[in-house]
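Here's the structure, in structure tokens; my notes come after.
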2 protein chains.
Amino acid sequence: IITLHNVTKVYKTGEVEQTALKNISLSISRGEIVAFAGPSGSGKTTLLNIIGAMDRPTTGEVFVDGIKLNDLNRKQAAHFRGEHLGFIFQSFNLLPVLTVFENVEYPLVMIKNVPARKRKEAVLSLLAAVQMEGHKDKFPDQLSGGQKQRVAVARALVTHPGVVLADEPTANLDGKSARMVLSLMIKMRVELGATFVFSTHDPRILEEVDRVYTLEDGQLKIQ
Amino acid sequence: IITLHNVTKVYKTGEVEQTALKNISLSISRGEIVAFAGPSGSGKTTLLNIIGAMDRPTTGEVFVDGIKLNDLNRKQAAHFRGEHLGFIFQSFNLLPVLTVFENVEYPLVMIKNVPARKRKEAVLSLLAAVQMEGHKDKFPDQLSGGQKQRVAVARALVTHPGVVLADEPTANLDGKSARMVLSLMIKMRVELGATFVFSTHDPRILEEVDRVYTLEDGQLKIQ
Ligand SMILES: Nc1ncnc2c1ncn2[C@@H]1O[C@H](COP(=O)(O)OP(=O)(O)OP(=O)(O)O)[C@@H](O)[C@H]1O
Ligand SMILES: Nc1ncnc2c1ncn2[C@@H]1O[C@H](COP(=O)(O)OP(=O)(O)OP(=O)(O)O)[C@@H](O)[C@H]1O
Ligand SMILES: [Mg+2]
Ligand SMILES: [Mg+2]
């Protein structure tokens with residue numbers, strides 16, 4: 001479902017060039033749970049941005065769900081993301097003017113056009129799965145860090161995307177909540193065949209995934 | 001240096017009242033490194049906000065560095081924070097329009113009025129301590145998550161505050177960077193007598209601190 005051929009990414013800051021990814025080739029199958037590990041600055045987020053059609057590689061090809069991402073323009077990339085992907089990224093904050101319920105409902109209204117009654121059912125079941133149904137009428141600034149993260153997980157899963165990309169999904173979570181997020185991923189894989197690709201520094205999580213790719217200075221290390 | 005007497009915090013959301021902290025009393029001495037642990041939603045951030053004069057308790061008294069925080073108005077609280085405290089909070093993002101160097105220099109210009117040559121020395125030595133001197137002319141959006149966090153640590157320490165408050169300071173860091181941040185705290189304690197109080201879910205950190213307070217549903221659990 002995800003294939004990369006010789007992907008390189010170079011950031012140009014004025015005169016200085018920094019190579020964040022060097023010749024990355026990998027292939028991830030449908031239904032796999034895959035983690036990217038590696039030290040700070042090794043290229044994990046850059047790799048996720050490229051797989052998520054949020055940034056273009058400098059060289060190399062990227063295919064997700066049979067679609068070549070290199071050829072998409074900005075509008076097509078946004079449409080592709082809405083149809084195929086779910087994101088749990090630090091930068092995708094919850095909308096402060098919407099309640100918890102509305103934040104999770106929002107993708108179903110904007111992207112999938114699902115009728116209200118069906119939306120309510122889907123939202124409440126996902127909020128229950130992350131143990132946040134008791135906070136459904138609160139606004140994001142009335143939640144703790146870990147609670148916001150759990151709402152963001154529910155929002156990413158509510159449209160049943162084929163691929164979910166996440167950048168440190170358990171960074172703000174205690175042990176119990178981290179295990180809950182992981183078992184929810186496994187449940188979505190079993191019930192829907194969803195594929196999960198995420199970065200993490202969390203040793204508890206790295207033990208439980210199907211495969212770990214370790215990055216060092218932009219290169220994949222052979223395990 | 002930090003004393004709380006029977007601190008309670010109740011959030012009112014319309015009709016609903018939620019008690020985030022119940023009768024918290026604690027005392028932290030100068031130079032201690034103290035961690036707040038506990039599940040998501042247990043009150044850690046709320047407690048840090050009250051000690052940092054960012055929020056007021058519903059009942060009870062708070063003393064930091066001999067000053068009673070309950071009596072401070074908004075302006076006095078801001079002045080108190082600038083003079084006595086350093087913050088490493090998720091919500092205190094780096095300023096996107098300033099470079100890494102300027103983000104760390106900024107508190108020395110705005111708060112302490114230090115001459116330029118002395119500022120440069122202080123900023124470069126702190127950036128070196130968090131291994132970010134090579135990125136000094138970059139802007140925050142050109143850094144990885146862990147790199148931004150390390151710059152935020154340097155910014156919090158550059159004014160040599162008596163107390164540093166941090167909310168999950170190692171959440172986005174790999175093992176090596178997390179250990180570096182902790183040894184920097186220990187160095188600041190030894191050289192300047194700085195006191196550190198932070199929340200964490202990270203078992204690696206909890207083993208290394210002087211004392212751990214565990215919160216559960218807003219109450220301190222006896223260790
Ligand atoms: N502004 C607010 N209005 C209403 N309720 C709030 C507000 N801020 C926090 N709460 C509630 O108070 C409780 C404690 O929140 P707090 O942010 O202190 O938790 P925490 O221990 O830091 O959790 P985490 O590990 O998830 O960051 C939570 O149940 C949260 O929903
Ligand atoms: N927009 C950008 N412009 C210039 N350099 C960048 C940019 N974004 C990232 N970098 C650099 O590319 C390298 C890889 O960054 P990336 O964000 O992928 O790291 P990471 O593995 O996610 O690290 P972390 O664990 O700290 O989140 C870093 O050295 C960073 O400084
Ligand atoms: Mg990253
Ligand atoms: Mg918190």
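Each chain gets a letter, A, B and so on, in the order the sequences are listed, and its residues count up from 1.
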Intermediate values then yes/no, salt bridge (charged side-chain N to carboxylate O under 4.0 Å, His left out), B/R189 and B/D210:
CA-CA 12 Å; B/R189 178 230 322 251; B/D210 298 333; 2.7 Å; yes
Tell me, do B/L182 and B/L184 make a side-chain contact under 4.5 Å, heavy atoms counted?
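No, side chains not in contact.
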Quick one: of B/K138, B/R150, B/H201, B/H135, who has the most non-hydrogen atom pairs under 4.5 Å with chain A?
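Greatest number of close heavy-atom pairs with chain A: B/H201.
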Considering only heavy atoms, which portion of B/E168 lies under 4.5 Å from any heavy atom of chain A: side chain, backbone, both, or neither?
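Interface part for B/E168: side chain.
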Does A/S183 use its side chain to pair, donor to acceptor, with the backbone of A/R179 at less than 3.5 Å?
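Yes; judged by distance alone, with no hydrogens or angles, the pair exists.
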Between B/K44 and B/P39 (side chain of the first, backbone of the second, donor and acceptor by atom type, cut-off under 3.5 Å), is there such a pair?
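Checking the backbone N and O of B/P39 against the side chain of B/K44, a donor-acceptor pair under 3.5 Å is found.
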Do you see a donor-acceptor pair shorter than 3.5 Å between the side chains of A/T46 and A/N49?
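No, no side-chain donor-acceptor contact under 3.5 Å.
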Would you kindly say whether A/T45 and A/D167 are connected by a side-chain donor-acceptor distance under 3.5 Å?
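Yes, A/D167 and A/T45 have a side-chain donor paired with an acceptor closer than 3.5 Å.
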I'd like to check the ring-ring contact (aromatic ring centres under 6.0 Å, His included) partners of B/F87; sequence neighbours left out, ordered by chain and number.
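Only B/F89, B/F92 meet the ring-ring contact (aromatic ring centres under 6.0 Å, His included) criterion with B/F87.
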Pick whichever of A/K176, A/Q142, A/Q149 has the most heavy-atom pairs under 4.5 Å with chain B.
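Going by pairs under 4.5 Å, I would pick A/Q142.
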A/D217, CG: over 12 other non-hydrogen atoms inside 6.0 angstrom
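Open: at most 12 neighbouring heavy atoms sit under 6.0 Å from CG of A/D217.
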So if I take each residue of residues 18-27 of chain A and look for any heavy atom under 4.5 Å from a heavy atom in chain B, which residues do I end up with?
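The residues closer than 4.5 Å to chain B, in numerical order, are A/Q18.
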Considering only heavy atoms, which portion of A/S144 lies under 4.5 Å from any heavy atom of chain B: side chain, backbone, both, or neither?
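For A/S144, side-chain heavy atoms alone lie under 4.5 Å from chain B.
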